[in-house]
Amino acid sequence: MARDKYHSTVVEALEKEGWIITDDPLYLDIVTTTLEVDLGAERLIAATKGSEKIAIEIKSFVGVSRIADFYKALGQFNYYFLIMEEEEPERELYLAIPEEAYKDLLKEPTNQKIISRFRLKLIIYDVHKNEIIKWIK
């Protein structure tokens, strides 16, 4: 499966924040096929809190339309979310999107409602600095 344009950018940004990449990609088995979420990662928070595990679907938003890219990403994200509830319930699923695309998406009030209503967990990353700008939980 082809990786998104900024796959290595997000991997580097996560590693800068102390995340250990455990699965690249993270495979989710369903009855008739196997799906690939872009990354699985985990980071120890503290001994008393255990560990935090996440899965990240990376999107580059380099298509002709950012709305179309968001529409497609939302469908994929929700599909993975439902599967992960049973297959990997200890992992939180995040959608990673570039900072510029995120700012563009927020200009449209409908996108703000979608992010809120679907309770999307987002990782906003800087494609030039290979850094995470913001975590939205």
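Heavy-atom basis, side chains included; hydrogens, waters and symmetry copies ignored.
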Keeping [X] on the side-chain end and [Y] on the backbone end, is there a donor-acceptor pair under 3.5 Å?
| X | Y | answer |
| --- | --- | --- |
| D69 | G63 | yes |
| E57 | V37 | no |
| T9 | N130 | no |

(request) Under the side chain to side chain contact (heavy atoms under 4.5 Å, CB included) rule, what do I123 and I133 come out as? Steps first, then yes or no, please. (result) CA-CA 8 Å; I123 297 173; I133 303 299; over 6 Å; no

Validation row: [X], [Y] side chains within 4.5 angstrom (heavy atoms):
| X | Y | answer |
| --- | --- | --- |
| E17 | W135 | yes |
| V62 | Y6 | yes |
| L93 | I56 | no |
| I58 | Y125 | yes |
| E99 | V127 | no |
| E92 | I54 | yes |
| E90 | E88 | yes |
| I136 | K121 | no |

(message) For a quick test of reading the model, state the closest non-hydrogen atom pair linking P98 to S60 and the distance between them.
(response) CG-O, 3.2 Å

(request) List the atom of M84, the atom of A55, and the distance in Å for their closest heavy-atom pair. (result) CE-CB, 3.6 Å

Roughly how far, to the nearest 0.5 Å, is the [atom2] atom of [Y] from the [atom1] atom of [X]?
| X | Y | atom1 | atom2 | result |
| --- | --- | --- | --- | --- |
| K53 | D23 | NZ | CG | 9.0 Å |
| L105 | L122 | CG | CG | 9.0 Å |
| Y94 | F77 | OH | CZ | 9.5 Å |
| T110 | F70 | OG1 | CZ | 10.0 Å |

(request) Look at atom NZ of K72 and say whether more than 12 heavy atoms of other residues, nucleotides or ligands are closer to it than 6.0 Å. (result) no

(request) Check whether more than 12 heavy atoms from other residues, nucleotides or ligands sit under 6.0 Å from atom CD of E85, and answer yes or no. (result) yes

(request) Salt-bridge test for K107 and D104: reply yes if a basic N is under 4.0 Å from a carboxylate O, no otherwise. (result) yes

(message) Taking the basic N atoms (NZ, or NE/NH1/NH2) and the acidic carboxylate oxygens, is any pair closer than 4.0 Å for D126 and K134?
(response)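 Salt bridge between D126 and K134, a charged N being under 4.0 Å from a carboxylate O: no.
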
(request) Apply side chain to side chain contact (heavy atoms under 4.5 Å, CB included) to the pair Y79 and I30, showing each step before the final yes or no. (result) CA-CA 11 Å; Y79 195 83; I30 57 176; 3.7 Å; yes

(message) Looking only at the side chains, is there a donor atom on one of W19 and E52 sitting less than 3.5 Å from an acceptor on the other?
(response)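 Looking only at side-chain atoms, E52 and W19 do not form any donor-acceptor pair under 3.5 Å.
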
(message) Hydrophobic clusters here meaning ILVMFWY residues chained together by side-chain heavy-atom distances under 4.5 Å, can you tell me if I115 and Y71 are in one?
(response) no

(request) Establish whether I20 and Y27 are linked, either directly or via other cluster members, by ILVMFWY side-chain heavy-atom contacts under 4.5 Å. (result)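 Different clusters.
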
(request) Please test I132 against I124 for side chain to side chain contact (heavy atoms under 4.5 Å, CB included), starting from the C-alpha separation and ending with a verdict. (result) CA-CA 6 Å; I132 294 172; I124 312 306; over 6 Å; no

(request) Mind running side chain to side chain contact (heavy atoms under 4.5 Å, CB included) on E15 and I21 for me, showing each step along the way? (result) CA-CA 8 Å; E15 289 175 338; I21 305 303; 3.8 Å; yes

